[in-house]
Structure formats: C-alpha cells, structure tokens
Protein chains: 2
Amino acid sequence: MTARRPSSGELARHRPPRCYAPDLPGSPASLELTSAEAHHLSAVLRLGVGDEVELFDGRGGSAWARIVLTGRGRVVVETGPVRLDPPPGWTAALLQGLPKNEARDLVVRIATELGAARMVFVHAQRTVGRPSPADVERLISRWHAVAVAAAKQCGRNRLPELGWAPSVEAAVEGGWTGLSLAGEAGGPPLRDRLAPAAAGGCRAIRVALGPEGGFDPAERAALERAGFVPFRLGPHILRTETAAVAVLAALAYELDRPAGSGSAVP
Amino acid sequence: MTARRPSSGELARHRPPRCYAPDLPGSPASLELTSAEAHHLSAVLRLGVGDEVELFDGRGGSAWARIVLTGRGRVVVETGPVRLDPPPGWTAALLQGLPKNEARDLVVRIATELGAARMVFVHAQRTVGRPSPADVERLISRWHAVAVAAAKQCGRNRLPELGWAPSVEAAVEGGWTGLSLAGEAGGPPLRDRLAPAAAGGCRAIRVALGPEGGFDPAERAALERAGFVPFRLGPHILRTETAAVAVLAALAYELDRPAGSGSAVP
C-alpha cells in the first residue's frame, strides 16, 4: 500500500516523525533509510512496520512513507508521491566570521528555522584559531547534522547550503545580483538599507557579519570592493550570534511576503 | 580626582569594564560596589586603585568611575557625573510561556541585547512543571543576573523588567495602550500587523508567545478578550525561543527609528 498524504485536518491531529532522505525517489518506491535515521526511528522512537513517517530530501521535496521492513538497524519504507515546495520567495546568504564553538550550532539552527538559503562561516583575521582542512570537514558535517535536526523540527524541506571560506576575500568571490550588506557599528539602520530595496522588488540579500572583534580594515575594504554597504542593528553591541539571528529575523520579516506586494501594506 | 567621561575618540581606543551599580549616586561621590562586582573587578579582572570602570544603574543612568580603595573583597570608587540615556523610542513587552530551562537564559540575554523593555514568563496550561514560589524567586534572580551580564556586554544601561505570571489571565491584566499581538500558526504575517501600526505612530507593542505546545483554547480566548490579535512568523514551526528572538528582532527592526520618520524611508 502506497503512503497517502493526509488532509490538513488529519495533519493537525497527527504529525508523524520527519526523516531526512537525501535520495528520496521522485515516484513511489521502496527506500532504505540512512542508518542514522533507521536508528532514530527503530531504537529511539520504537516505530515498526506499518507506522508512517514524513520524508524530506533537503531540496524542497517531501513525501509520506510507511515502514515495510525493520531489523538489524535497517528501516525500509514505501514512499508516496513527492511534493515539491514552491521555490522560496526570497534568498538570504549569511557570511559570518567564525564565532566561538557554542555559538555556531545556535546560528545554524536558527538560520535553518528562519529560512536562510546559505550560511558560510568565514575565517576572518580576528577569528580565534585556524581550523585545519580536516577540522573544516568535521565542522561542516556537524553543522549539516544541526541543520537536518532543525529542518525536521520546523518542517522546512530545504536545507540551507552550508559552507566555509578561508578568508573574507574568498567568501565574496563570484558576485551577487542582489543587495550586499555588511554589519558595522557606524552604519545606517538596517531598515534604511533593506526597506527601500525590498520595496523595489529586491529579494536576494547577502549579509556579512564580523567575528568577535569585527572585520579588520583590509577585510572591510574587500567587502566594499565587492559592493557591500554598511548597516547597523540597533544601538547596542550585539554578540556575533545575536547579530546573525537578528539580521535573519529582520530579513524574514521584511522579505517573506507574497510576490508583487511591493511596499504596500493593507 | 573625579572620573571624567572620555571623548568618543578615547572611548573607541579604551573601553573600561562595565559594572552594575543599582545605587549609582546622582552626583559625583564615593560608592562601594556590590560584592559580586567587587569580586569580578579585583579577583577576576585584577583591577586596582586608579583603574577606571563604567557604572550603569539599570534605569538608563551611567557614569565613569575610578577605583580608590580595594581589599577584603571590597571595591570603592569615586563616581563621575551621571549621564541619563534618553528614553527609548519604542517599548516591547514579551509575555512568553515558560520554555525549557536552557532556552530561558538565551531569551533573557537576547531580549536584553535587542532592547526589550519587559520580559514576563508565563505559566501556561501546557507549560511542563509548575515552579513553587521559592523556585520563581530563584528563577527571577537568575534571569536578573543574565540580563545584567548581557547589559554589561552590549552597552545597554536600562535593564528589562523581568517578571513571572502564574497564568495567561494574570499576565494580561492591567491593560495596554499599544498593539497586542499573539503568535499563532494560522495568523497573518507579523509585518501585516506591525508595519501599519508603526506607520501610524504606534511604538508600544506587547507580544504573547505560547510555550512548547502552544496556548490552549481558554488561554487563546483570554488573549482575544484582552485585545491580542494573532500573527505568525514565517512558514515554519519555530521553537519558542526562536520565536521570541525573531519577534524581538523584527520589532527592533521596524520600531527603532527616529521619532516622526513614520513610514518614510529615505
């Protein structure tokens, strides 16, 4: 029996566990879940044959599925038809000086919940320590796990792209067709930058935030050359993770609206 | 010698430690710091006679001061003239269903950094556990310490008022002359509620956010009777602490602008 997507009334009463299935097949099929998901479903949630789960592929696709086989740490499901979420109406990319350990997971988690498209941690001059290539690989895989966990919980089917740049110069390579903003204590309020751009139809924003201690003058010059304009968030000195969360929340607030609604407010 | 407030050029080069001094005298005088601050300055930061500190009273007052006596866990300073920050241009009060332990400190810290005026945790029907009166006293004193630490770091001289309400009904007693908003998955986007009110000059907003699991129907009815209108934050299911942080960031973004600037954006 193919799993059926329930009606919204059923959904409200019964929301099955969400599983990350990067290889979600495009049409109904059998699928063996990854070992991490299989472990979570069988050993932690104690689900078995016949139970339903919701799969998402991290690229906007999701499908309901029913468990048809479990055992020896394996879980096989029969998937239902895939539904593809419409593309998001706005794009936010955050380039952030690598903060302290405990702040990183918080930023990745909240960036996922608030709908960021891309989250790049940057080794800035004032970043404390320099991760080795092996560290970077380990960090990115950790952030990926944090984003997957947040996406499961918040219902988002698209994972943010997670990256690492060895310098500010490397992080801003490649250009950007939207608005580029750099956090700076002396800049104008974010609203003065963002509201006119949004009213003019701009829906793609990248934001650079310094590490603890801020960007150094050479980095600020590189940002300026790449088209970044300064802004500030309120009168106080925000921790770098607070700044990240606050700017993403402000972007979501300003940009997450139906296309064509422009600056009009009913 | 009375401590002198340095010029802004000096400030940029040299920012002394900030100390919370709730009894900051209105004109230059000797002041013994609280034992917690004395310990921090002498044992942790190893400051001594002649060193400068910045005092703030949590009600918008601040003054530079110079240490004139230390010893036996005591620190006495000579304070300079008090400067009173202008009253904030907007007021946000957050009423939040008491979240899990680890989320509470995060919310208090970020609420302080983002300029919230008031933060009340509410015992909602779906709050897990019920703190005793002694627990509540202990919790409020802990949140106060978190707010003081955040205010030291971010440079804010006004502490948010921190409170506890045993029920939603108790939390909304007493009325409110500004906008009252209640987070609800089915509501219109926050911007549709807030932007027109802000454009019309409203600068006082209170926001109710449910605990994990949300407000129950009786609580939602009580909020409605008290004039709360529903809103939602984006398409995803935010954790309660993410919702708190995101809504405060959005309020700061929308409301923190010069008086009289209305809806105009240069």
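Letters A, B, ... are given to chains in the order of the sequence lines, protein chains preceding strands, and every chain is numbered from 1.
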Most heavy-atom pairs under 4.5 angstrom with chain A, which of Ile110(B), Leu248(B), Leu194(B)?
->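 Option with the top pair count is Leu194(B).
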Should [X] and [Y] count as side-chain neighbours, where that means a heavy-atom distance under 4.5 Å?
| X | Y | result |
| --- | --- | --- |
| His236(A) | Thr112(B) | no |
| Arg15(B) | Ile237(A) | yes |
| Arg109(A) | Thr242(B) | yes |
| Leu114(B) | Leu233(A) | no |

Gap between atom CD of Glu241(B) and atom CG of Leu106(A) - 0.5 Å precision = 8.5 Å
Side chain, backbone, both or neither of Pro235(B) within contact of chain A (heavy atoms, under 4.5 Å) | both
Side chain, backbone, both or neither: which part of Leu251(B) has a non-hydrogen atom closer than 4.5 Å to chain A?
-> neither
Tyr253(A) meets the side-chain hydrogen bond (donor to acceptor under 3.5 Å, both in side chains) criterion, sequence neighbours left out, with Glu254(B)
Using side-chain hydrogen bond (donor to acceptor under 3.5 Å, both in side chains) as the criterion, list what pairs up with Asp105(A), not counting sequence neighbours.
-> Arg142(A)
Considering residues at least two apart in sequence or located in another chain, which fulfil the side-chain contact (heavy atoms from CB on, under 4.5 Å) criterion with Ala244(B)?
->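 With neighbours one apart ignored, the set is Leu94(B), Gln96(B), Val107(B), Leu209(B).
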Quick one: which residues of residues 151-161 of chain A reach chain B at under 4.5 angstrom, heavy atoms only?
-> Gln153(A), Cys154(A), Gly155(A), Arg156(A)
